[in-house]
Number of protein chains: 2
Amino acid sequence: MAREPKLYLIPLGGLGEIGKNMMVVRYGENILVIDSGLMFPEEDLLGIDMVIPDITYLLENKNIVRGIVLTHGHEDHIGALPYVLRELNVPVYGTRLTLGILKEKLRERQMADEVKLHCAKPRDIISVGPFKIEFIRVSHSIPDAVSLAIETPVGVVVHTGDFKLDQTPVDGEVTDFNRLAQLGEKGVLVLLSDSTNVERPGYTLSEKVVGQTFDDSFRQASERIIVATFASNVHRLQQAITTAHRYKRKVAVVGRSMVNVVNIARELGYLRVPEDVLVELDEAGRLPRNRVVYLTTGSQGEPMSALTRMANRDHRQVEIMPGDTIIISATPIPGNEKLVARVIDQLFKQGANVIYESVSGIHVSGHPSQEELKLMFNLVKPKFFIPVHGEYRMLIKHANLAREMGIPPNNIFVAENGQVLEISRRSGRFAGRVTAGRVLVDGLGVGDVGNIVLRDRRQLSQDGILIVVVTISKESGQIISGPDIVSRGFVYVRESEELMEDAKEKVKLALDKCSAKKMSEWASIKSMVRDDLSRFLYEKTRRRPMILPIIMEI
Amino acid sequence: MAREPKLYLIPLGGLGEIGKNMMVVRYGENILVIDSGLMFPEEDLLGIDMVIPDITYLLENKNIVRGIVLTHGHEDHIGALPYVLRELNVPVYGTRLTLGILKEKLRERQMADEVKLHCAKPRDIISVGPFKIEFIRVSHSIPDAVSLAIETPVGVVVHTGDFKLDQTPVDGEVTDFNRLAQLGEKGVLVLLSDSTNVERPGYTLSEKVVGQTFDDSFRQASERIIVATFASNVHRLQQAITTAHRYKRKVAVVGRSMVNVVNIARELGYLRVPEDVLVELDEAGRLPRNRVVYLTTGSQGEPMSALTRMANRDHRQVEIMPGDTIIISATPIPGNEKLVARVIDQLFKQGANVIYESVSGIHVSGHPSQEELKLMFNLVKPKFFIPVHGEYRMLIKHANLAREMGIPPNNIFVAENGQVLEISRRSGRFAGRVTAGRVLVDGLGVGDVGNIVLRDRRQLSQDGILIVVVTISKESGQIISGPDIVSRGFVYVRESEELMEDAKEKVKLALDKCSAKKMSEWASIKSMVRDDLSRFLYEKTRRRPMILPIIMEI
């Protein structure tokens with residue numbers, strides 16, 4: 001009897017990190033990819049614009065990749081697609097809004113015509129190779145989010161995507177508890193579940209809570225209202241628009257990504273806007289101040305965003321005035337706390353009343369807290385469990401939670417990106433690794449910035465650079481011109497003339513030493529100059545600028 | 001009748017920011033300074049080690065500065081003293097532990113002999129010029145913290161310093177509510193009060209709560225315990241040591257600043273260590289794993305700290321093993337969230353059980369929440385109120401709280417650093433500004449890094465630098481050698497040879513253009529090279545590296 005092929009689950013992103021989610025499901029010579037997200041760079045990735053998964057493994061198996069299926073339309077789930085699809089032209093499956101947002105992305109890059117997009121509704125089942133994929137509605141901070149139930153020859157794999165179990169979602173589209181329960185009843189082999197909020201006890205508040213907070217804030221506002229939130233949170237936008245309408249205010253949308261989402265969501269019917277409520281920015285400027293609401297991006301304090309420019313009196317069309325109410329309906333993503341705090345301070349300085357994080361109910365999360373995660377276990381009753389979407393400590397906590405819920409420790413796998421999980425009907429085990437990691441995108445360059453470039457940027461950012469230029473005669477070995485020293489990011493040159501003169505002397509001495517020792521290797525001469533000068537500067541300043549000796553021989 | 005001199009309060013630091021606290025009290029030709037703190041640099045201050053207040057105003061009035069009085073021994077209150085005292089040798093007043101810590105700082109810089117330190121106890125009254133300063137005990141996250149009641153010819157000014165109203169402090173030294181109440185009863189002209197935690201409702205938990213959490217964690221720990229916390233939190237160290245002793249564990253102290261504080265606090269009697277409990281690091285390594293506790297720095301994920309090195313398997317003496325319990329008894333200071341998260345993840349990866357922020361009671365704040373702030377108003381009953389120690393939004397919230405507590409809006413002053421508050425018995429007003437701001441310390445340089453250097457560092461950090469070197473004949477104007485291009489932090493040169501070759505061609509073309517136009521000004525030639533090359537590189541890479549043309553003429 002031929003050995004039956006096994007099922008392999010291979011995370012290429014999203015494990016041990018928040019972002020760039022990508023999970024590979026492989027059965028025999030068939031690969032299905034779940035999501036293709038990007039990650040925003042951490043601070044130590046100087047100059048990097050975004051981080052995407054390393055898809056070497058997929059490219060090595062190009063011919064057997066059957067398709068990419070998407071759980072929802074957030075950047076950390078679809079943001080890498082323009083890069084991935086350029087190298088891997090396979091069909092993409094998703095719900096209507098998800099594909100609507102993706103299409104706009106591809107259109108901006110002139111890629112819309114090349115990509116085959118297949119739309120599915122919740123409870124639809126699509127066949128991709130040997131996989132039957134069912135879309136199951138869940139709540140999240142963007143409409144049309146789904147969990148996936150993937151029927152494989154080995155058993156059913158449920159991938160929750162990002163979710164929360166909102167009992168009272170804004171659009172009334174409740175999580176399909178029944179279908180999850182039916183699957184659990186029939187038997188689920190593996191559950192992969194969202195770990196983002198596993199550190200929070202209890203339940204995540206319903207999105208509707210924010211609507212109540214909006215109502216309170218709008219009722220009390222006497223001047224203009226500015227609501228900043230995530231562009232993609234259509235439910236949040238809906239609640240802001242509905243509340244504005246209730247208080248007879250018009251709504252103007254500010255910020256390119258917000259305008260995009262509002263257009264797509266309206267067109268596809270995910271955003272219901274009462275007639276005449278939306279106005280253009282210049283019209284909003286002419287309305288009485290208590291008759292207008294601005295919906296804007298910038299809730300993360302992004303330096304170029306509309307809200308930050310308003311806070312810095314740098315926005316052409318919207319000027320903050322004393323008495324305005326600014327509602328920041330978001331929490332800062334880790335790493336953005338300082339940026340957001342600075343924007344809030346600036347808004348207060350202009351006399352605005354800022355309602356932010358410190359007011360409860362001004363924002364709710366889109367991810368499940370512990371009790372929701374437990375409910376997911378109880379509905380799906382999986383045999384094996386793999387925590388996904390979370391930093392390492394979250395995966396560990398989620399694994400602990402699974403144990404508490406009765407899943408045997410041997411059936412729980414805390415994996416890292418690139419680790420291969422081999423699953424049969426009876427058992428699971430780690431079975432090696434494939435290439436995985438991060439690819440840095442800087443401008444048009446994808447992967448051309450690596451550790452050496454980053455290390456240089458880091459050194460340059462800390463203490464700057466000194467360039468030492470000297471011209472030497474080929475014949476005599478004598479200095480013809482220089483040494484000259486040019487510095488950037490080191491010290492104010494005007495106030496440090498003496499230091500620079502002394503530095504030149506040091507270089508001369510080093511060069512003399514070289515010629516006395518009859519050194520002729522350029523590399524050793526340069527390294528002598530660099531070391532002597534570096535030691536001198538460290539002594540004088542306790543700084544270690546990059547030193548770049550340029551020796552011209554003519 | 002001669003006009004009576006007025007009282008002036010002039011913040012030189014700590015308003016609109018957290019850190020570098022410094023408040024000037026001036027009456028006629030007499031200046032008293034409260035605190036001289038430093039601030040740790042925000043991320044955009046690339047390469048900067050610390051930020052201290054600009055004391056131009058004090059130096060301009062050098063002859064009338066009568067002294068500096070300290071509220072407690074934290075860096076944000078005493079950290080700038082080594083710099084300030086170098087330029088302003090005036091007496092310094094403080095409590096015993098505060099001066100003990102300061103002395104160590106001055107000793108490290110060979111300044112201990114030059115500075116006149118005057119020690120005072122709570123309820124002591126010292127005379128400095130026309131000011132009578134009373135020290136009033138308060139609780140805080142360091143022992144021996146005081147509020148100051150400054151009797152001036154115009155009235156009494158109460159400066160809370162940093163405080164919390166802990167009803168059950170670890171050392172039993174309760175805030176001197178009675179004295180604050182007496183002062184309030186007699187009449188206080190101005191209150192300056194700590195705004196750090198004004199966004200938090202309710203009361204700040206007692207430090208003793210952490211002791212209970214330690215007890216739970218220590219009881220359950222089967223292997224080694226490592227407690228990371230702020231070095232200066234002597235109460236926290238005391239509780240860790242007491243709990244270790246209770247569970248028959250020895251304690252080893254790791255990290256220079258922690259060792260320093262433990263020595264000073266023991267010597268001065270602020271830390272009571274049962275006999276034989278403290279052991280050296282190498283002895284601790286030889287003890288059974290369930291008999292030892294390490295106390296360490298690094299609770300903020302500082303890259304060079306002991307805990308971070310342990311997490312990265314980079315510490316010479318302490319290696320994390322599966323089953324170890326790591327207690328991070330601190331919350332990340334805004335901006336440090338990512339660093340701390342990374343350390344926690346690394347520790348989990350080594351199999352340790354990490355107890356951190358997500359466990360309640362593992363850390364409590366040292367600053368007052370809203371109800372404590374209200375109690376302070378009710379005790380002191382000031383006529384005028386100035387919120388201090390906080391970012392702008394916090395000062396605003398504290399001002400709002402003061403209004404709720406019945407202080408007339410006209411008597412509340414939300415000031416910025418450098419703003420002069422003129423106070424008489426009946427009224428207060430803003431009366432101009434003095435020089436104030438930040439001085440950046442980078443290595444040995446104080447103030448030699450400014451906006452231009454920082455702007456260069458920023459550009460260098462984002463896209464690196466290209467240096468274009470070309471040698472030109474003085475006589476013919478012809479290129480003798482070059483153009484050569486050296487880059488750092490831009491792209492992998494090996495993978496971008498073509499780009500670099502094209503870039504050289506661009507430079508040649510630019511130089512040809514210059515000679516065709518008979519340009520002879522070096523500045524214009526350089527700027528032509530820079531502009532053409534920059535445009536070319538942006539087109540090809542969407543990056544804007546710094547471009548430094550170096551043209552040698554021989």
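Since the model is a prediction, treat every value here as computed from it, not as a measurement. Chain letters run A, B, ... following the sequence lines, proteins first and then strands; every chain starts at 1.
Chain B forms more heavy-atom pairs under 4.5 Å with one residue of A/Leu454, A/Ile465, A/Ile344, A/Asp456 than with any other, namely A/Asp456. Most heavy-atom pairs under 4.5 Å with chain B, from the set A/Ile467, A/Leu45, A/Asp442: that is A/Asp442. Comparing A/Asn336, A/Ile550, A/Asp345 by how many heavy-atom pairs each has under 4.5 Å with chain B, the most go to A/Asp345. Of all the listed residues (B/Lys349, B/Arg542, B/Met546), the one sharing the greatest number of non-hydrogen pairs under 4.5 Å with chain A is B/Lys349. When each of B/Arg543, B/Lys397, B/Glu337 is scored by its heavy-atom pairs under 4.5 Å with chain A, the top score falls to B/Arg543.
The two residues B/Ala341 and A/Glu391 make their nearest non-hydrogen contact at CB-OE1, 3.7 Å. Minimum interatomic distance between B/Arg393 and A/Tyr356 (heavy atoms only, all atoms of both residues): CD-OH, 3.4 Å. Closest non-hydrogen pair, B/Met552 versus A/Ser481, comes out as CE-OG, 3.2 Å.
If you run side chain to side chain contact (heavy atoms under 4.5 Å, CB included) between A/Phe348 and each of B/Leu395, B/Ile396, B/Val414, only B/Ile396 comes through.
For B/Leu548, the part lying near chain A is the side chain, with the backbone staying farther off; criterion is any non-hydrogen pair under 4.5 Å. Contact annotation for B/Glu17: neither backbone nor side-chain heavy atoms come within less than 4.5 Å of a heavy atom of chain A. Heavy-atom distances place no part of B/Gln346 under 4.5 Å from chain A, backbone and side chain included. Neither the backbone nor the side chain of B/Tyr538 has a heavy atom closer than 4.5 Å to any heavy atom of chain A. When heavy atoms are compared at a cutoff of 4.5 Å, A/Glu553 does not approach chain B at all. Interface remark: A/Thr541 contributes backbone atoms only to the contact with chain B (heavy atom separation under 4.5 Å).
Atoms CG and CZ, from A/Leu460 and B/Arg458 in turn, are 14.5 Å apart once rounded to the nearest 0.5 Å. Atom CG of A/Leu347 sits about 11.5 Å away from atom OH of B/Tyr392, to the nearest 0.5 Å. Once rounded to the nearest 0.5 Å, the distance linking CD1 of A/Ile480 with OG1 of B/Thr471 reads 9.5 Å.
Scored by the salt bridge (charged side-chain N to carboxylate O under 4.0 Å, His left out) test, A/Asp463 finds no partners at all (sequence neighbours excluded).
Taking non-hydrogen atoms and a 4.5 Å limit, the residue list of residues 443-452 of chain A in contact with chain B, ordered by number, reads A/Gly443, A/Leu444, A/Gly445, A/Asp448, A/Val449, A/Gly450, A/Asn451, A/Ile452.
Residues B/Gln459 and A/Arg488 have side chains not in contact (no heavy-atom distance under 4.5 Å, counting atoms from C-beta outward). Looking at heavy atoms from C-beta onward, A/Arg342 lies in side-chain contact with B/Asp44 at the 4.5 angstrom threshold.
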Exercise for review: Begin with the C-alpha distance, continue with both residues' side-chain angles, and end with the deciding distance and a verdict on salt bridge (Lys or Arg N to Asp or Glu O under 4.0 Å) for A/Lys338 and B/Glu42.
Suggested key: CA-CA 8 Å; A/Lys338 282 270 178 184; B/Glu42 307 202 342; 3.3 Å; yes
